[in-house]
Amino acid sequence: FQMYKNEQECRVSHHLRTVNGCDLSFMDYTNVGKIKMARRDVQVISLKGNLLSDLSGLCSFVGSVTDFKSLRLLDLSGNLLTSLDASLGVLVSLCTLLCHKNAFVCEDSVSALKGCPSLTALTLYGCPFEERHSCYKRTIVSLLPQLRKLDYCCLTAADFHLQRWALPKAMQR
C-alpha cells in the first residue's frame, strides 16, 4: 500500500504500472545522458526527484528507450532545472509535462515548450517564477496557447478571453 501526495501523483504512478513506463524517480541522477537502459517503447518517463540541473542528453536518452512519437508524459518535477531545452520539440506526442518544484525564474525558462504542439498539460507550481511573477498564469497561457491544464487546473474560456486572444477551436462552443 502506497500513499500519494495528490491525485495526479497517484495517476502518474498508475500510468507507470499500466502502460509501458520508465520510473527513474529519486535515483540521484545528475545527468540524463549517462543513463543506460534497454530500448522499449515507453509512453511515460518519470525522472522526478533527481538532481538534474540541465537537460543535456535528454533527447538521446529518450531516443534510446522509445520512439519520440510514443512518449506521452514526462515527469521532471523536483529537480534543479533552471530552463527547458528547445530539443523537447522533437517529442511531438508529449501531452503532459510535469516540471513543478524546479528552479525556473522567468518565462524564457519555459519558452522552449512552444515547439511541443501536443502539450496540453503543464505543471510549474513551486518554482520561483510562479511564486514571484504576479501574472504567472497569463504569461504561461500566452506562451503556450495550446494548454488545457496548468498546475492541474483546467484553463477556461475566461483565461483566454482576458487576454483578448481568439479561443482555440477545441474550446469554442
Side-chain angles (χ1 to χ4, degrees), residues 2-17 19 21-30 32 43-56 58 62 71-89 91 93-163 165 167-168 170-171:
Q2 186 173 359
M3 295 296 291
Y4 298 103
K5 293 178 186 167
N6 58 42
E7 182 182 339
Q8 184 66 22
E9 187 176 301
C10 180
R11 268 190 251 135
V12 170
S13 179
H14 176 74
H15 274 349
L16 286 169
R17 288 190 312 269
V19 300
C22 178
D23 190 357
L24 300 169
S25 303
F26 304 105
M27 306 281 273
D28 293 333
Y29 288 119
T30 57
V32 182
Q43 294 177 345
V44 177
I45 295 177
S46 178
L47 289 162
K48 74 177 177 184
N50 282 290
L51 303 171
L52 304 174
S53 58
D54 66 62
L55 293 178
S56 59
L58 178 69
V62 170
L71 189 63
R72 301 273 187 260
L73 186 149
L74 179 59
D75 187 347
L76 298 170
S77 61
N79 280 286
L80 306 171
L81 299 172
T82 57
S83 66
L84 295 170
D85 196 305
S87 63
L88 287 173
L91 305 175
S93 297
L94 184 66
C95 300
T96 303
L97 180 60
L98 307 178
C99 288
H100 53 278
K101 298 183 182 174
N102 272 289
F104 305 121
V105 293
C106 66
E107 62 264 20
D108 291 341
S109 306
V110 295
S111 62
L113 298 177
K114 290 179 184 179
C116 297
S118 298
L119 186 66
T120 57
L122 175 67
T123 63
L124 292 169
Y125 67 87
C127 297
F129 171 64
E130 182 258 349
E131 295 167 355
R132 295 180 194 155
H133 201 291
S134 61
C135 299
Y136 157 75
K137 185 176 185 180
R138 189 178 334 172
T139 302
I140 297 301
V141 171
S142 69
L143 282 171
L144 305 168
Q146 77 273 22
L147 286 182
R148 297 294 167 266
K149 287 186 177 181
L150 178 61
D151 297 333
Y152 303 125
C153 296
C154 290
L155 296 171
T156 65
D159 294 319
F160 292 92
H161 179 71
L162 290 173
Q163 297 300 315
W165 300 315
L167 283 172
M171 293 183 81

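- In this structure, Tyr125 and Tyr152 have tilted ring planes: the angle between them lies in the 30° to 60° band.
- A donor-acceptor pair is defined here as one N or O able to donate and one able to accept, closer than 3.5 Å; such a pair exists between the side chain of Gln146 and the backbone of Cys116.
- The shortest heavy-atom contact between Leu122 and Leu113 is CD1-CD1, 3.9 Å.
- Shortest non-hydrogen contact noted between Ser46 and Ser25 is OG-OG, 2.7 Å.
- With values rounded to the nearest 0.5 angstrom, Leu124 atom CG is found 8.0 Å from Leu97 atom CG.
- The shortest non-hydrogen separation linking Cys154 to Lys149 is SG-CE, 3.8 Å.
- Listed here is the closest heavy atom pair of Lys114 and Leu143: CE-CD2, 3.5 Å.
- Rounded to the nearest 0.5 angstrom, His100 NE2 and Glu130 CD are separated by 11.5 Å.
- A donor-acceptor contact shorter than 3.5 Å links the side chain of Thr123 to the backbone of Cys99.
- Taken to the nearest 0.5 Å, the CG atom of Leu51 stands 11.0 Å off from the CZ atom of Phe26.
- Checked by atom type and distance alone, the side chain of Asp85 pairs as donor or acceptor with a backbone atom of Ser87 at under 3.5 Å.
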query = Hey, mind stepping through Leu52 and Leu81 against side-chain contact (heavy atoms from CB on, under 4.5 Å) and telling me if it holds?
reply = CA-CA 6 Å; Leu52 304 174; Leu81 299 172; 4.2 Å; yes

inquiry  = The test is side-chain contact (heavy atoms from CB on, under 4.5 Å); show your working for Leu155 and Lys137 and say whether it passes.
reply    = CA-CA 9 Å; Leu155 296 171; Lys137 185 176 185 180; 3.6 Å; yes

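- No donor-acceptor pair closer than 3.5 Å links the side chain of Asp28 to the backbone N or O of Asn50.
- For the pair Ser109 (side chain) and Thr82 (backbone), a donor-acceptor distance under 3.5 Å is present.
- For Asp54 (side chain) and Ser56 (main-chain N/O), a donor-acceptor pair under 3.5 Å exists by modelled atom type.
- Between Leu147 and Ala121, the shortest heavy-atom contact is CD2-N, 3.9 Å.
- A distance of 6.5 Å separates CG of Leu58 from CG of Leu76, quoted to the nearest 0.5 Å.
- Counting only N and O atoms by type, the side chains of Arg72 and Thr96 include no donor and acceptor under 3.5 Å apart.
- The distance from atom SG of Cys95 to atom CG of Leu74, rounded to the nearest 0.5 Å, is 12.0 Å.
- Counting all heavy atoms, side chain and backbone alike, Pro117 lies closest to Gly115 at CD-O, 3.1 Å.
- Between the OG atom in Ser53 and the CG atom in Asn79 there is a gap of 9.0 Å [rounded to 0.5 Å].
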